[in-house]
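Here's the structure, in structure tokens; my notes come after.
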Amino acid sequence: MKSSFTYQRATTPIEAVAMLAQKGAGAKIWAGGTDMTLHWQQEKTKPTVCIDIRDLKELDYIKVERDAIRIGALTSLATLERSADQHHVLASLSKITKLMATPQTRTLATVGGNLCNASPAADLSPAFVALGATAMILGESGSREVAMFDFFQGVNKTALNGAEILEEVTIPLPSDGEIHVSYRRIDRTVVDIALVNGSAAVSVGSDGVISKVGVGLGAVAPIILDASDASAELEGTALADVTVGKLAAVAATAAKHAKPISDIRASAGYRQDMVEIMLRRALEDTIKNHGGTI
């Protein structure tokens with residue numbers, strides 16, 4: 001039988017944290033409620049109290065600054081979808097949101113809620129990991145920053161403790177040159193979660209040399225994977241010297257980190273093969289966006 005819970009509404013982020021601390025382990029944050037409602041209906045979670053933070057407008061924003069893009073945790077997927085004209089990185093994230101759920105659901109679902117759900121098959125998570133994003137977390141003792149790769153701790157598990165909320169996601173921008181990010185996935189239907197996915201972010205300096213590479217592999221492990229050894233194979237390479245073969249080798253190195261499982265949606269072998277292909281295609285996208293001629 002579904003559990004019953006009480007409802008409270010926070011008026012400030014600090015108050016939300018205080019409520020979490022007071023109510024204990026059974027307290028859950030309610031943002032858009034799209035994942036929470038589903039988990040409650042499926043009896044995957046049994047909250048004793050839901051703390052509604054939808055009125056916290058100070059957590060609903062997208063800011064493009066000289067050295068970073070800052071996205072508030074309560075920014076809806078629909079708002080992120082409409083941000084494409086603000087920066088080319090946001091344009092790439094906007095394309096990802098179009099793959100997520102339905103237009104109606106995107107008006108409710110939030111960036112922070114999607115990340116805090118910590119699904120290994122999530123769409124935004126691989127891109128944020130590849131971009132080297134950080135999560136700003138608010139707790140009773142103040143705010144702390146956690147790398148997005150470390151934010152994910154397991155299936156539906158994050159670095160948040162019992163009395164913390166996600167405030168913001170920060171995407172660093174290079175001080176020299178540009179960064180481009182791409183995301184690829186395989187799914188069964190346009191509103192289905194990914195069977196396997198991969199994201200790549202590549203920074204190229206004004207000298208035409210690749211300065212930084214980030215990858216994110218999804219649906220092939222309990223968390224979103226990165227692969228620093230694969231990134232290192234491409235960093236320091238002149239954009240003009242990048243070949244399809246080189247990118248294929250980088251993707252193959254990254255794919256070795258994958259530890260997929262078989263389920264009713266896809267086999268482990270299929271996921272293992274496809275994540276390498278998805279990442280290679282994402283890398284090719286970023287190189288082309290930088291003006292490479294592979």
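- To the nearest 0.5 Å, atoms NZ (Lys246) and OG1 (Thr237) are separated by 5.0 Å.
- Contact annotation: the side chain of Glu145 never approaches that of Ile137 to less than 4.5 Å [non-hydrogen atoms, C-beta and beyond].
- Within the 4.5 Å cutoff, the side chain of Asp123 has heavy atoms near those of the Tyr183 side chain.
- Side-chain contact between Arg106 and Ser76 is absent, with no heavy-atom pair separated by less than 4.5 Å.
- Here the CD1 atom belonging to Ile193 is positioned 10.0 Å from the CG atom belonging to Asp187, to the nearest 0.5 angstrom.
- Between Trp40 and Phe5, the distance from one ring center to the other falls under 6.0 angstrom.
- Under the 4.5 Å side-chain heavy-atom criterion for ILVMFWY residues, no single connected hydrophobic cluster contains both Ile29 and Leu160.
- Of all heavy-atom pairs spanning Asn156 and His39, the tightest one is ND2-CE1, 4.1 Å.
- The same ILVMFWY cluster, assembled from side-chain heavy atoms under 4.5 Å apart, contains both Val204 and Ile294.
- Counting heavy atoms from C-beta outward, Lys28 and Leu20 have side chains that stay 4.5 Å or more apart.
- To the nearest 0.5 Å, the span separating CG on Leu195 from CE on Met274 amounts to 10.5 Å.
- In terms of heavy atoms, Val169 sits closest to Ala133 at CG1-CB, 3.9 Å.
- To the nearest 0.5 Å, atoms CG (Asn117) and CG (Asp35) are separated by 3.5 Å.
- Here Gln86 contributes atom CD and Ile69 contributes atom CD1; the two are 8.5 Å apart, rounded to the nearest 0.5 Å.
- Contact of the Thr134 side chain with the Phe128 side chain is not registered, since no non-hydrogen atoms from C-beta on lie closer than 4.5 Å.
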* Given Glu178 and His180, is the side chain to side chain donor-acceptor pair (under 3.5 Å) satisfied, shown in steps? -> CA-CA 7 Å; Glu178 280 193 341; His180 282 280; 3.3 Å; yes

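- Contact of the Ile71 side chain with the Leu93 side chain is registered, since non-hydrogen atoms from C-beta on lie closer than 4.5 Å.
- Interatomic distance, CZ of Arg184 versus OG of Ser199, reported as 11.0 Å (0.5 Å rounding).
- Between Ile210 and Val202 there is a side-chain heavy-atom pair separated by less than 4.5 Å.
- The shortest distance between side-chain heavy atoms of Leu124 and Leu80 falls below 4.5 Å.
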